[in-house]
Amino acid sequence: MKRLIAATLFAAPLLGASLPALAAPVNLVTNGGFESTTVSSGTWVIVNSAAGWTVGPQGLEIRNNVAGSALSGSNFAELDTTTNSWISQIINTVLGTTYTLTFNYAARPDNQGANSNGLNWSIGNLSGTVGQDTNTAWQTFTTTFIGTGNGMTLRFGSIGRSDGYGTSLDDISITAAGGASTGAAAIPEPESVALLMAGLGAMGLVLRRRKAGQGKA
Ligand SMILES: [Ca+2]
Ligand SMILES: [Ca+2]
């Protein structure tokens, strides 16, 4: 019985942790809204690190209600800090699963023209450019890609003239496609599945042993 309790305790947190994924699609991008950095309203900072992101040597500019305003939350980002820069992070994917990448971009109100603006984006081998215009309204870009089963690099870089005035970026997300409309589970991390299966297997093993023990008694 002690072993059964131990096995249950082992499995329960894993079951609990996986259940919320059934209700809503999980954003696999960490800090996709740039809210993890504290920035006073009306000010901006250039940082060399930010939660979830690898930051290029030219830094990451995070603004709070200056030269535009966030699409959501308080903060948004710009990658032409003092010169063109980039950010990236590794997204763990499941082989064959379709994912949706979404992000939002806008020219700053005091932009220096279309030739100064723009972002390139990439996820794995898929890439493109946006924002080589002077549209100061937030625009949403969405695409889908197929998971390779490995970590895939999500990257954004500033393009256009390198002059300290670049395209704003906010609300970056990657979700397993279909998760929102069908209520199907977002795909758990492979490690979580393995642990969960190990936990359930341990429970089953204990139960079988108990049943076998009862038969002998
Ligand atoms: Ca934000
Ligand atoms: Ca620029």
Side-chain angles (χ1 to χ4, degrees), residues 20 24-91 99-123 127-144 152-176 179-180 186:
V26 174
N27 184 2
L28 301 178
V29 178
T30 299
N31 191 25
F34 305 101
E35 301 298 325
S36 293
T37 302
T38 299
V39 183
S40 298
S41 182
T43 68
W44 52 275
V45 295
I46 295 176
V47 295
N48 293 315
S49 65
W53 296 102
T54 296
V55 177
Q58 305 304 329
L60 164 65
E61 182 170 332
I62 302 178
R63 300 204 296 265
N64 181 341
N65 203 33
V66 63
S69 57
L71 177 62
S72 64
S74 299
N75 299 344
F76 59 110
E78 184 197 324
L79 294 172
D80 188 346
T81 54
T82 55
T83 184
N84 285 341
S85 187
W86 56 268
I87 55 174
S88 71
Q89 70 175 264
I90 306 294
I91 306 296
Y99 295 90
T100 300
L101 164 66
T102 302
F103 63 88
N104 297 271
Y105 63 95
R108 44 190 292 168
D110 56 349
N111 75 83
Q112 302 297 298
N115 289 341
S116 168
N117 295 337
L119 293 169
N120 60 25
W121 60 268
S122 61
I123 177 71
S127 65
T129 61
V130 297
Q132 293 172 292
D133 56 42
T134 57
N135 188 345
T136 58
W138 284 107
Q139 301 172 76
T140 301
F141 177 87
T142 298
T143 191
T144 59
M152 297 175 71
T153 300
L154 172 66
R155 185 186 190 279
F156 293 90
S158 189
I159 58 175
R161 190 171 62 250
S162 197
D163 54 8
Y165 292 81
T167 296
S168 302
L169 177 65
D170 200 3
D171 281 4
I172 305 163
S173 71
I174 291 177
T175 57

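If you read the sequence from its start, that first residue is 1, and numbering goes on from there. When a ligand or atom number is given, it counts from 1 through the structure's own listing order.
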Heteroatom N/O/S of Asn75 within less than 3.0 Å of the Ca ion (ligand 1): yes
Is the shortest heavy-atom distance from the side chain of Ser162 to the side chain of Gln58 under 4.5 Å? no
Could you grab the distance from atom CZ of Arg161 to atom CD of Gln112, nearest 0.5 Å is fine? 6.5 Å
Quick one: report the N, O or S atom of Asp170 that is nearest to the Ca ion (ligand 1). OD1
I need the protein N, O or S atoms closer than 3.0 Å to the Ca ion (ligand 2), given as residue plus atom name. Asp80 OD2, Ser116 O, Ser116 OG, Arg161 O, Asp163 OD1, Tyr165 O
Please confirm whether the backbone N or O of Asp133 pairs with a side-chain atom of Asn117, one donor and one acceptor, at under 3.5 Å? yes
Would you say Gly33 has an N, O or S atom lying under 3.0 Å from the Ca ion (ligand 1)? yes
Can you tell me if CH2 on Trp138 sees more than 12 non-hydrogen neighbours from other groups inside 6.0 Å? yes
Which of Ile91, Thr144, Thr143, Ile174 passes side-chain contact (heavy atoms from CB on, under 4.5 Å) with Tyr99? It is Ile174
For the pair Asn31 (side chain) and Ala51 (backbone), establish whether a donor and an acceptor sit closer than 3.5 Å, ignoring hydrogens and angles. yes
Among the N/O/S atoms of Glu35, select the one at the shortest distance from the Ca ion (ligand 1) and name it. OE2
Intermediate values then yes/no, side chain to side chain donor-acceptor pair (under 3.5 Å), Thr129 and Asn120: CA-CA 4 Å; Thr129 61; Asn120 60 25; over 6 Å; no
Can you measure from CH2 (Trp86) to CG (Leu60) and round to the nearest 0.5 angstrom? 11.0 Å
